[in-house]
Number of protein chains: 2
Amino acid sequence: MIDKSLLTGSTTMLILKLLDETNMYGYQMIEELREKSNNTFELKAGTLYPLLHILEQKKMLTSYEETADNTRVRKYYSITKTGRKHLQEKKEEWKIYTAAVNNLLGGASFGTI
Amino acid sequence: MIDKSLLTGSTTMLILKLLDETNMYGYQMIEELREKSNNTFELKAGTLYPLLHILEQKKMLTSYEETADNTRVRKYYSITKTGRKHLQEKKEEWKIYTAAVNNLLGGASFGTI
DNA sequence: CTATAATATATAGAACATCTATATATGTCA
DNA sequence: TGACATATATAGATGTTCTATATATTATAG
């Protein structure tokens, strides 16, 4: 099984990216991430919910409750302007970092194309 | 300034990669990583030295002391077979993870291995 | 119709990686 | 000779994610 420790820290960016597309509730984010990553990401509920609370405190998200057909109450989250700004920054960092790692992993081997 | 938290967990892989090319001592690894990444990675001594001890405990590295011209003693590290195996695994994980993140972010993979 | 699984959110405590701060010692350069 | 770079090391703090647990509702299998 794949060791998740390689990329800890990218969770916030991924959550913001999901919400940049459409409003979602927590449980849905876990499913979306799993599906869209072909089971590579299996974000745990115990990780997500506290993180959502923190992102709301930091004004990156706002939330509202909505009752589905049945009566099950879901807590939907929406990205704010601050959240979008943060997402852009994280995406830039991501580009720089992965480029640096890939350069290190692939570089220094003269003679290969 | 760039937030390092995006990629915590990749340090071990990078150390193993450096040592896969040539034996090195700790202080040298910090410099190499900084130079080869255009100052993107600034690994701290307080992070590196304990990590090297752990990797040696796990039989991924072996060490030997060597005195330079002057008399300054340096502790050189060498990667083991176990370490190379671990490096290969981490590189595979790295590919899978970055591909998954890039896919989620909107396609377009940055950099190549 | 009832037990179990899935849906949905939440928190406490543990684990782990990295950081800052600090300590020690030697070598180099102004 | 004082400051700075080299070189290694550890303690304690911080931050992120995990496991375990709790609660409540809805859907489904037996």
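These numbers come from the heavy atoms of this one structure, side chains and all, not from hydrogens, waters or symmetry mates. Residue numbers begin at 1 in each chain, while the letters A, B, ... track the order of the sequences.
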Kindly point out which of [options] is positioned nearest to the side chain of [X]?
X	options	value
A/T47	C/dA8, D/dC18, D/dT8	D/dC18
B/R74	D/dT17, D/dT8, C/dA8	D/dT8
B/R72	D/dA7, D/dT8, C/dA6	D/dA7
A/K44	C/dC19, D/dT19, C/dT7	D/dT19
A/H53	D/dA9, C/dC19, C/dA10	C/dA10

Would you say B/T47's side chain and B/L43's backbone share a donor-acceptor pair under 3.5 angstrom?
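Pair absent, no side-chain N/O of B/T47 close to backbone of B/L43.
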
Any donor-acceptor pair under 3.5 Å linking the side chain of B/D20 with the backbone of B/L16?
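Checking the backbone N and O of B/L16 against the side chain of B/D20, no donor-acceptor pair under 3.5 Å is found.
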
Figure out the [atom1]/[atom2] separation between [X] and [N], and round it to whole Å.
X	N	atom1	atom2	result
B/Y49	D/dG12	OH	P	21 Å
A/L43	D/dC18	CG	C1'	11 Å
A/Y25	C/dA8	OH	C1'	8 Å
B/M13	C/dT18	CE	C1'	16 Å
A/L55	C/dT9	CG	C1'	16 Å
A/L51	D/dT19	CG	P	16 Å

Among A/K75, A/H53, A/E56, which one satisfies side-chain hydrogen bond (donor to acceptor under 3.5 Å, both in side chains) with A/S63?
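When A/K75, A/H53, A/E56 are each tested with A/S63, the side-chain hydrogen bond (donor to acceptor under 3.5 Å, both in side chains) holds only for A/E56.
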
On DNA chain C, does the nearest nucleotide to B/P50 precede the nearest nucleotide to A/L52 from the 5' side, or the other way round? Give the residue.
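Final value for this comparison: A/L52.
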
Between B/E31 and B/K36, is there a side-chain N and carboxylate O pair less than 4.0 Å apart?
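No salt bridge links B/E31 with B/K36.
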
Which is more 5' along DNA chain D, the nucleotide nearest B/V73 or the one nearest A/G46? Just name the residue.
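Going by which nucleotide is closer to the 5' end, it is B/V73.
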
Which residue lies more 5' along DNA chain D, comparing A/T12 with A/A45 via nearest heavy atoms
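In this pair, the answer is A/T12.
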
